[in-house]
Amino acid sequence: MHDVTSGTDQLALVPLFIAVEPRDPRGEADLPLEAIEHVPAATVGEVADVLGQLGVPADLMDGAVLGAPGWVVARTVGWSDGRIVRWAPDENPVDGPYPTLSSDDVAAYLARALDVACRIATDLEIPGETPGDDAVGLVIEARAGAVVGRIRSTDVPRLAYLTGADLWFAQVDGISVIAGVEPAADLEAVVTSPTSTPTIGLERNGPWRRMGLVRGGQMVTAHEWGPRWFRVDPSGGADPASGVLSLVDDYFSAPTADADEIAQQFDLSPAQTDRLTTLLDDADADDPFTALMRLLGLPVEAAEVAEGWLPPADLPDVRRIESQPLVRALWSSVTTVPTEPGRLNDLQRLWIERPTAYWVVAGAETVLCAVGAALALRGAGAPGPRGRRVLGRALVALTVLNLADLAVPRRLRGLGR
């Protein structure tokens, strides 16, 4: 018997995007771009038929919807080595739980069947038509994002460490707005940071907009706006429960939020909830992020940052928080001057900024602890030998801690940044 052991434990499931180019009749001739206008491009239906013949479950979209007329774009899933999963119930899979075809074979078959060029990659990118160094491609999944909520300023250094990327942080009307210095930074660690109030993550991914509502570190609901894909079912509806079809469905499933769940978190009125329902139902909303922020009473600057209209560096009183190793990140959290009200924040500001009254009180406390330690260890007024030693050692420890605290320079307290 042949060894047919699977190697999928070393592989990861990844998205694979198929880009079918417009038909080009020019060949080797030096003809203008207008020469291809009379040649019909491949259609979504034609690409769907070929993928159905190959048994490849996929989602399809006309490139015109994405700003690339003449193209057809498809998405499916496969393994990290480039093999695309297939629906082929009569075939025995050799490597993995599903039959597969290599990306090169799928691209070659599409090219022959449709008489077009085809490319397959893990990133959805349509190259530009301008040759040479000035060529600019249309990256369909160009990402940007922002997180908005009542995240404490002192938590941001720790969040930058968890994110592994530098962050921009600003507060608008007491609400925190956080974005990555790099637009494509993954802000999941920021939006899922445990808070007692709701936090919203906004992400633009090409023409798609997604919001996620998190509270206490737990996802409450999520929603996506944007163009809809045309589904290719190679089984023709005969096997809708097939594992390979579900694999593609689950990977690319678009979340849909319930307006009532969002309304409960933000105490919206019935009229506001109705407006929110209308917004969530409008898949083609022009500016859903701004409308959502206004409905929830949150800063519209977060929407502008997430859309890429407003550079986060231009936010009012913005600060850049660098990603640091854990110990340095925790110390940065301690030495960050809080911008929120509250007694604990007042104490932290007092410790960092240290007005004259702080030095007077801390100095007097140090002297009293030192004197008390000396008296306790000498036995004056102590209740007993054991109690005297414990009290004296405690006061010595407090004296040392106070001296160490008074010796912390401005630079280490964050005032020299």
Side-chain angles (χ1 to χ4, degrees), residues 59 61-62 64-67 140-152 170-179 187-188 190-231 249-310 312 315-316 340:
D59 296 334
M61 184 173 293
D62 190 333
V65 177
L66 306 174
I140 304 302
E141 294 203 325
R143 294 178 56 186
V147 178
V148 56
R150 295 188 180 277
I151 298 175
R152 298 179 69 241
Q171 286 185 323
V172 181
D173 298 330
I175 306 296
S176 301
V177 178
I178 301 176
L187 301 177
E188 180 180 358
V190 179
V191 72
T192 57
S193 175
T195 57
S196 59
T197 55
T199 300
I200 289 184
L202 304 174
E203 182 183 64
R204 178 185 64 80
N205 208 333
W208 293 276
R209 276 84 173 162
R210 180 173 292 198
M211 65 78 63
L213 172 60
V214 176
R215 185 161 190 165
Q218 300 296 318
M219 178 65 70
V220 177
T221 189
H223 191 80
E224 182 179 276
W225 294 270
R228 294 295 179 251
W229 296 78
F230 169 73
R231 176 56 49 88
D249 290 343
D250 294 342
Y251 195 97
F252 295 112
S253 61
T256 302
D258 184 347
D260 290 335
E261 291 180 323
I262 301 176
Q264 290 175 5
Q265 297 295 328
F266 289 90
D267 297 326
L268 300 185
S269 67
Q272 290 173 316
T273 304
D274 291 341
R275 290 165 56 196
L276 178 60
T277 301
T278 302
L279 176 63
L280 296 177
D281 290 342
D282 186 2
D284 300 320
D286 291 333
D287 188 7
F289 285 168
T290 299
L292 180 67
M293 293 297 96
R294 287 173 175 164
L295 265 174
L296 302 183
L298 298 174
V300 295
E301 287 84 352
E304 295 172 355
V305 169
E307 287 284 1
W309 302 333
L310 173 66
L315 287 167
E340 304 86 7

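Reckoned from all heavy atoms, side chains included, excluding hydrogens, waters and symmetry mates. Values in this document were obtained by computation on a predicted structure and should not be read as measured data.
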Atom [atom1] of [X] with >12 non-hydrogen neighbours under 6.0 angstrom:
X	atom1	value
Gln265	CD	yes
Asp173	CG	no
Asp286	CG	no

Mind checking the [atom1]-[atom2] spacing from [X] to [Y]? Nearest 0.5 Å is all I need.
X	Y	atom1	atom2	value
Asp274	Thr278	CG	OG1	7.0 Å
Met219	Thr199	CE	OG1	10.5 Å
Arg294	Asp287	CZ	CG	7.5 Å
Thr192	Leu187	OG1	CG	10.0 Å
Ile262	Leu276	CD1	CG	5.0 Å
Gln171	Ile178	CD	CD1	9.0 Å

Could you tell me whether a side-chain N or O of [X] sits under 3.5 Å from a main-chain N or O of [Y], the two making a donor and an acceptor?
X	Y	result
Arg152	Arg150	no
Arg210	Leu202	no
Arg204	Glu307	yes

Kindly give the heavy-atom pair with the smallest separation between [X] and [Y], and that separation in Å.
X	Y	result
Trp208	Met61	CZ2-CE, 3.8 Å
Ala179	Val305	CB-CG1, 3.7 Å
Pro207	Pro227	O-CD, 3.8 Å
Trp225	Leu279	NE1-O, 3.0 Å
Val172	Pro316	CG2-CG, 4.2 Å
Thr273	Ala263	OG1-CB, 3.4 Å

Pair Ile175-Met293, side-chain contact (heavy atoms from CB on, under 4.5 Å): steps then yes or no: CA-CA 12 Å; Ile175 306 296; Met293 293 297 96; over 6 Å; no

Is there a side-chain contact (heavy atoms from CB on, under 4.5 Å) between Leu295 and Phe266? Walk through the geometry before answering. CA-CA 10 Å; Leu295 265 174; Phe266 289 90; over 6 Å; no

Would Thr256 and His223 count as a side-chain contact (heavy atoms from CB on, under 4.5 Å) here? Give the steps. CA-CA 5 Å; Thr256 302; His223 191 80; 4.0 Å; yes

Worked verdict on Leu310 versus Leu315 for side-chain contact (heavy atoms from CB on, under 4.5 Å): CA-CA 8 Å; Leu310 173 66; Leu315 287 167; 3.7 Å; yes

